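Every chain is numbered from 1, with letters handed out A, B, ... down the list of sequences. Owing to the predicted nature of the structure, the values given are computational and were not obtained by experimental measurement.
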Amino acid sequence: MITDARVLDPEFLPNDVVQRDAEINLLSSVLRPAVEGNPSDSAVLHGPSGTGKTCIAQYTLDKLHQSTLELNTQYVNCWEDHSHFSVLYRILDGLDKTLDIHRQSTPQEVLLDRLHDYDGPPYIIILDEADQLDTTDVLYELVRTRKLSMILIANDPDVMYTRFDDRLDSRLRTATRIEFDAYSIDALTAILEDRARWGLHPDAVTTEQLQWIADAAVGDARVAIGTLRQAAQRADRESETILDEHLEAAVPEAKAEIKQKNISRLTRDQRVLYNIITDTDSISMGDLYDQYSAEVENPKTKRMVRNYLQKLTHYNLIESIGEHRGRRYQPV
DNA sequence: CCTCCACAGGAAGCCGGGGGAC
DNA sequence: GTCCCCCGGCTTCCTGTGGAGG
């Protein structure tokens with residue numbers, strides 16, 4: 001039944017993106033000056049997860065690349081590269097300028113000089129999960145680099161903007177904000193139809209079933225596509241076509257898979273904290289730390305735990321209610 | 001109203017790992 | 001090998017805030 005498993009992967013980047021034409025056009029027009037060698041403003045893509053921000057950013061850059069020979073691009077995931085140094089390193093890496101840069105023995109100054117000396121073709125970088133950056137200093141260095149333009153991606157840009165100091169604020173105030181709303185049922189259905197056409201045998205699934213999946217995914221394309229794949233895999237073992245019973249089971253599986261993927265990026269200590277919080281309705285810092293330090297061998301300090309919790313909150317794995325004294329942490 | 005305390009998060013410094021230079 | 005340097009995770013120290021209780 002499955003003819004091409006790759007297109008059923010939520011991470012897969014299709015040749016033709018369906019939906020989001022307006023966003024693609026807007027992003028292209030923001031980046032157009034850069035491609036033509038003129039200074040361009042940055043773009044900030046924001047919205048809930050599974051709304052196609054990363055996909056549209058990569059897709060748009062691919063298209064620009066096809067129409068322009070002289071263009072460098074780079075994708076940086078700030079969850080993985082969150083320090084000042086590693087972001088710079090990754091960005092120079094996209095220019096093949098890191099050959100003689102060594103992680104441990106090259107001062108950041110050298111990387112900065114090299115970046116500021118850049119005078120090649122236009123360079124467009126995607127900073128995905130930009131709200132995960134340790135410090136926004138690196139953004140300042142980037143906005144004042146010639147020939148470099150940025151696409152910033154963040155769930156909640158307001159949280160990110162509050163961390164900007166004045167000089168950065170004035171530079172990024174003119175950035176074009178592109179908002180990504182949750183997909184409508186029709187839009188999700190269209191996306192699923194496209195994936196089903198390339199990834200499944202004809203007639204393996206009905207439009208009504210795709211609509212049902214779209215409805216269950218509540219606007220999140222990752223959930224929708226994951227559900228379709230789970231249902232197809234389940235059906236593959238048992239029948240010729242996807243049955244409704246396969247759909248029912250696939251939704252929680254797809255959601256669990258996404259959650260599992262998120263959790264796998266956590267460290268051991270972060271995972272322990274996450275598990276404690278998801279096992280309760282809501283918990284205070286004091287109780288949480290007591291449980292945590294009883295559970296692990298060499299507990300980190302409270303200060304470090306606060307950093308972890310901030311990270312988990314940013315990543316929407318847990319939520320916190322209240323400020324200061326009396327704050328509680330709870331599952332989402 | 002005042003003091004105490006739980007809690008958040010910034011700043012600075014420590015230290016272990018790891019690679020280059022010699 | 002040994003020395004030196006750098007990064008990044010971590011701790012320590014600190015300040016600010018606001019609810020609880022005298």
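Straight-line distance from the NE2 atom of A:H82 to the C1' atom of C:dG9: 9 Å, rounded to whole Å. Between the C1' atom of B:dC7 and the CG atom of A:D287 lies a distance of 13 Å, rounded to the nearest Å. In this structure, A:D134 places its CG atom 12 Å from P of C:dC10, rounding to the nearest Å. Distance A:Y308 OH to C:dC10 C1': 8 Å, rounded to the nearest Å. In this structure, A:I321 atom CD1 and B:dA6 atom P are separated by 20 Å, rounded to whole Å. Separating the CG atom of A:L133 from the C1' atom of C:dG8 is a distance of 15 Å, rounded to the nearest angstrom. Remark: P of C:dG9 and CG of A:N298 are 18 Å apart, rounded to the nearest angstrom. The nearest whole Å value for the distance from the CD1 atom in A:I283 to the C1' atom in B:dC7 is 15 Å.
Environment of NZ in A:K147: crowded, with over 12 heavy atoms of neighbouring residues, nucleotides or ligands closer than 6.0 Å. Other residues, nucleotides and ligands place more than 12 heavy atoms under 6.0 Å from the CD atom of A:E238.
A side-chain donor from one of A:N77 and A:E129 sits under 3.5 Å from a side-chain acceptor of the other. A:N155 and A:Y315 are not linked by any side-chain donor-acceptor pair at a separation below 3.5 angstrom, with hydrogens and angles left out of the test. Side-chain atoms of A:D134 and A:H82 form a donor-acceptor pair, as typed in the model, at a separation below 3.5 Å.
Nearest nucleotide to the A:Q310 side chain, out of B:dC7, B:dG9, C:dG8: B:dG9. When the nucleotides B:dC7, C:dC10, C:dC13 are ranked by their closest atom to the side chain of A:R303, C:dC13 comes out on top.
Among the atoms of the strands shown, none is found under 4.0 Å from any heavy atom of A:H84. Within 4.0 Å of A:M304, counting heavy atoms only, lies at least one base atom of the nucleic acid.
Not one side-chain nitrogen or oxygen of A:T301 sits closer than 4.0 Å to the OP1 or OP2 atom of C:dC10. Taking side-chain N and O atoms only, A:Y89 has no distance below 4.0 Å to OP1 or OP2 of C:dC7.
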All N/O donor-acceptor pairs, side-chain side in residues 211-226 of chain A, below 3.5 Å, sequence neighbours left out:
| unit_1 | atom_1 | unit_2 | atom_2 | d |
| --- | --- | --- | --- | --- |
| A:D220 | OD1 | A:R222 | N | 2.8 |
| A:D220 | OD1 | A:V223 | N | 3.3 |

Donor-acceptor contacts under 3.5 Å from residues 54-64 of chain A side chains, at least two apart:
| unit_1 | atom_1 | unit_2 | atom_2 | d |
| --- | --- | --- | --- | --- |
| A:T54 | OG1 | A:D128 | OD2 | 2.8 |
| A:T60 | OG1 | A:I56 | O | 2.7 |

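Judged by distance alone, with hydrogens and angles left aside, A:R306 brings no side-chain donor or acceptor close enough to the base of B:dG10 to form a pair under 3.5 Å.
In the region residues 322-332 of chain A, proximity to DNA chain B at under 4.0 angstrom, judged on heavy atoms, holds for A:H324, A:R325, A:R327, A:Y329.
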